[in-house]
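Quick notes on the structure that follows.
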Amino acid sequence: MGLKSTPARVRFAPSPTGRFHIGSARTALYDYLYAIKTGGQFILRLEDTDQQRFDPESEEEYYESLRWLGLQWDEGPDIGGPHAPYRQSERMQIYQNHAEELIERGHAYYCFCSPARLAQVRQEQQQRKQPPRYDGLCRSLSMSEAQARRNSGESSVIRFKTPREGSTTCLDILRDPIVVDNATVDDYILVKSNGMPVYHLAAMVDDHLMEITHVLRGSEWLPTFPLHVMIYQALEWDQPIWVHLSVLLNPSGKGKLSKRDSASGKSDAKAIFALDLRELGYLPEAVVNWISLMGWSFDDHTEFFRMQDLIDKFTLEKLSPSPAAVNYSKLDHFNGLHIRDMATEELTKRLIPFFEKENVESEPKLLAEITPLIQERIRTLDEAVNMAAFFFKPEIDAAPQELVGKNLTPGESAQAARRSHDLLATLDFFELETVENALRNLADELALSAGQLFGILRVAITGQRISPPLLESMNIIGKEVVLHRLELAIAKLDAFEAP
RNA sequence: GCCCCCAUCGUCUAGGGGACCAGGACGUAGCCCUUUCAAGGCUAAGACCGGGGUUCGAAUCCCCGUGGGGGCACCA
């Protein structure tokens with residue numbers, strides 16, 4: 001069924017001015033999914049025409065984030081392609097040519113108004129409660145006059161000559177046709193006085209030249225959508241399929257998720273950036289699954305998706321036009337699901353950096369034995385460190401009161417620990433069942449519940465009230481260390497009771 | 001202020017005139033399982049923004065409100 005769709009050329013065109021956040025990630029993911037699904041190309045283009053805001057580190061972060069998420073591009077600034085260059089700052093001549101073509105066709109004009117005059121016009125309009133727009137002073141300048149002023153060295157920009165009459169219909173596959181009065185559309189600047197094109201020109205030209213078939217972009221472009229359609233029409237180009245993605249909202253649903261929130265100091269604020277999510281122990285598989293569902297759905301009962309599932313199932317039609325608030329608890333849920341979905345050896349590999357980060361010397365061979373015990377207990381990779389550090393530490397330090405069994409006195413607890421120690425000293429740890437039965441019998445003998453006895457041993461051996469399964473853990477730690485830790489616990493309990 | 005978009009449980013959503021006293025997921029609560037914690041299983045509470053139409057019949061179509069969001073730069 002999906003076989004008959006024609007190969008799409010889809011582009012992700014970020015502006016390297018900041019960090020790569022989950023909104024960018026979602027757009028890139030949809031781009032990627034659609035391109036791969038249709039057997040087309042996923043193109044990466046850098047929109048770096050604003051030299052003021054350009055940030056070289058940002059470019060690197062985009063590459064790394066995309067790679068981390070597994071969204072490999074087919075054409076891009078770093079790898080080239082049939083429509084290179086893919087960095088807008090290297091395509092200035094192309095934009096200049098098209099701007100001139102628009103002027104020749106009577107769809108654009110030179111404007112010599114100073115920023116100061118523009119500001120004044122705007123202010124007056126606002127006082128009159130009118131929408132702030134260019135008043136058209138230079139719109140009717142003759143070609144020769146404009147040329148003369150330019151030759152005299154006067155600074156100018158190029159503006160689009162928006163039709164004063166009629167209307168423009170904009171088609172977005174997720175919405176009804178949007179019809180706007182041309183009279184309400186401003187004469188936007190296309191080329192700045194420094195010769196740099198603005199998004200409106202550069203993106204349209206590149207999308208056309210790069211043969212982009214589907215434009216997926218944020219709905220913040222909806223207000224200037226008519227302009228973009230007019231540019232295509234003025235150049236007599238066929239339009240791509242337009243898809244305006246819904247905005248991502250803060251977890252509260254109040255306001256859009258923005259880079260600004262990352263600095264506000266809220267607990268989950270910094271988690272809006274992909275690479276921060278990686279630091280926090282989230283899997284790219286889970287992040288992909290999570291963001292895929294913000295504004296897209298498949299059916300009634302499927303939410304767990306691996307990348308290939310997404311490629312198979314993704315359709316533009318199921319995208320939703322309404323804004324979506326991000327839900328971090330759902331990310332935790334997906335992360336747990338994907339951790340459990342992963343091969344144990346793979347999980348072990350991914351866990352290593354987190355132990356290293358906390359300076360826990362995790363021997364890979366030992367860690368491989370531990371992974372199965374924690375795989376279904378962790379939701380983020382970094383939780384593994386707290387949960388399993390006791391396996392690696394030479395000494396654990398349990399508080400005496402923690403060692404006391406439920407509803408028991410320190411003395412009774414010490415006695416239970418002592419008896420367990422002596423019993424365990426005679427057993428072969430590798431026979432889990434034998435050990436368990438022996439311990440249960442001991443509990444009976446001491447008139448304790450299994451829970452009471454295991455509780456004491458758990459704290460004595462792991463230093464934690466909550467731990468991976470006790471018997472398996474003991475097995476990994478080894479008899480010698482287990483007995484040693486029990487001796488320490490007994491000593492502590494004895495001392496605890498003494499006063 | 002002006003323009004545009006959107007509107008189902010707290011959140012993400014299914015739904016595209018009768019199949020809906022509205023289904024799923026996360027979260028929450030309870031139960032089962034159980035050596036702790038998880039995982040897993042089961043159950044519960046929880047929504048069609050309001051008002052008008054259209055229609056035999058509306059969550060679904062239309063209009064008006066309201067609410068939310070976005071935009072109004074020589075940024076993207």
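All values below come from the heavy atoms of this structure, side chains included, with hydrogens, waters and symmetry mates left out. Chain letters run A, B, ... following the sequence lines, proteins first and then strands; every chain starts at 1. Computed from a prediction, not measured in an experiment: that's the story for all the values here.
For A:D50, the listed nucleotide lying nearest its side chain is B:A76; candidates were B:A76, B:G40, B:C26. With B:G27, B:G69, B:A76 as the choices, the nucleotide that has an atom nearest any side-chain atom of A:T49 turns out to be B:A76. Comparing B:G70, B:U13, B:A73 by their closest approach to the side chain of A:P223 singles out B:G70. In this structure, the nucleotide among B:A39, B:C6, B:A76 sitting nearest to the side chain of A:P323 is B:C6. The listed nucleotides are B:A14, B:C75, B:G70; the one nearest the side chain of A:K318 is B:A14. Among B:C12, B:G70, B:C75, the nucleotide with an atom closest to any side-chain atom of A:E303 is B:C12. In the set B:C6, B:G69, B:G24, the nucleotide with an atom closest to the side chain of A:K256 is B:G69. For A:P115, the side-chain atoms get nearest to B:C74 when compared with the rest of B:G27, B:C74, B:A76. When each of B:C6, B:G69, B:A38 is scored by its nearest atom to the side-chain atoms of A:S322, the top-ranked nucleotide is B:C6.
In this entry B:G67 has B:C6 as its Watson-Crick or G-U wobble partner, both defining distances falling under 3.5 Å. With both pairing distances under 3.5 Å, B:C56 is matched to B:G18 as a Watson-Crick or G-U wobble pair. Pair assignment for B:G27: none, as no Watson-Crick or G-U wobble contacts are both less than 3.5 Å.
Separating the CE atom in A:M204 from the CD1 atom in A:I212 is a distance of 11.5 Å, to the nearest 0.5 Å.
Using modelled atom types, one finds a donor on one side chain and an acceptor on the other under 3.5 Å when comparing A:D332 with A:Y282.
When side chains are defined from C-beta on, A:I103 does not count as touching A:Y109, because their heavy atoms never get closer than 4.5 Å.
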Listing time: all N or O pairs from protein to nucleotides 34-36 of chain B that are below 3.5 Å?
residue, atom, partner, partner atom, Å
B:U35, OP1, A:R440, NH2, 2.2
B:U35, O2, A:R458, NH2, 2.2
B:U36, O2', A:R465, O, 3.4
B:U36, N1, A:R458, NH2, 3.3
B:U36, O2, A:S467, N, 2.8
B:U36, O2, A:S467, O, 3.0
B:U36, N3, A:R458, NH1, 3.3
B:U36, N3, A:S467, O, 2.7
B:U36, O4, A:P469, N, 3.4

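A:C111 comes within contact range of no nucleotide atom at all, as no heavy-atom separation falls under 4.0 Å. Within 4.0 Å of A:E47, counting heavy atoms only, lie sugar-phosphate atoms of the nucleic acid but no base atom. As judged by a 4.0 angstrom heavy-atom cut-off over every strand, A:K406 is placed among residues making no nucleic acid contact.
Summarising the geometry, the separation between NE2 on A:H200 and P on B:A76 is reported as 8 Å, rounded to the nearest angstrom.
Annotation: proximity of residues 169-189 of chain A to RNA chain B (heavy atom, distance under 4.0 Å) is found for A:R175, A:I178, A:I189, numbered in ascending order.
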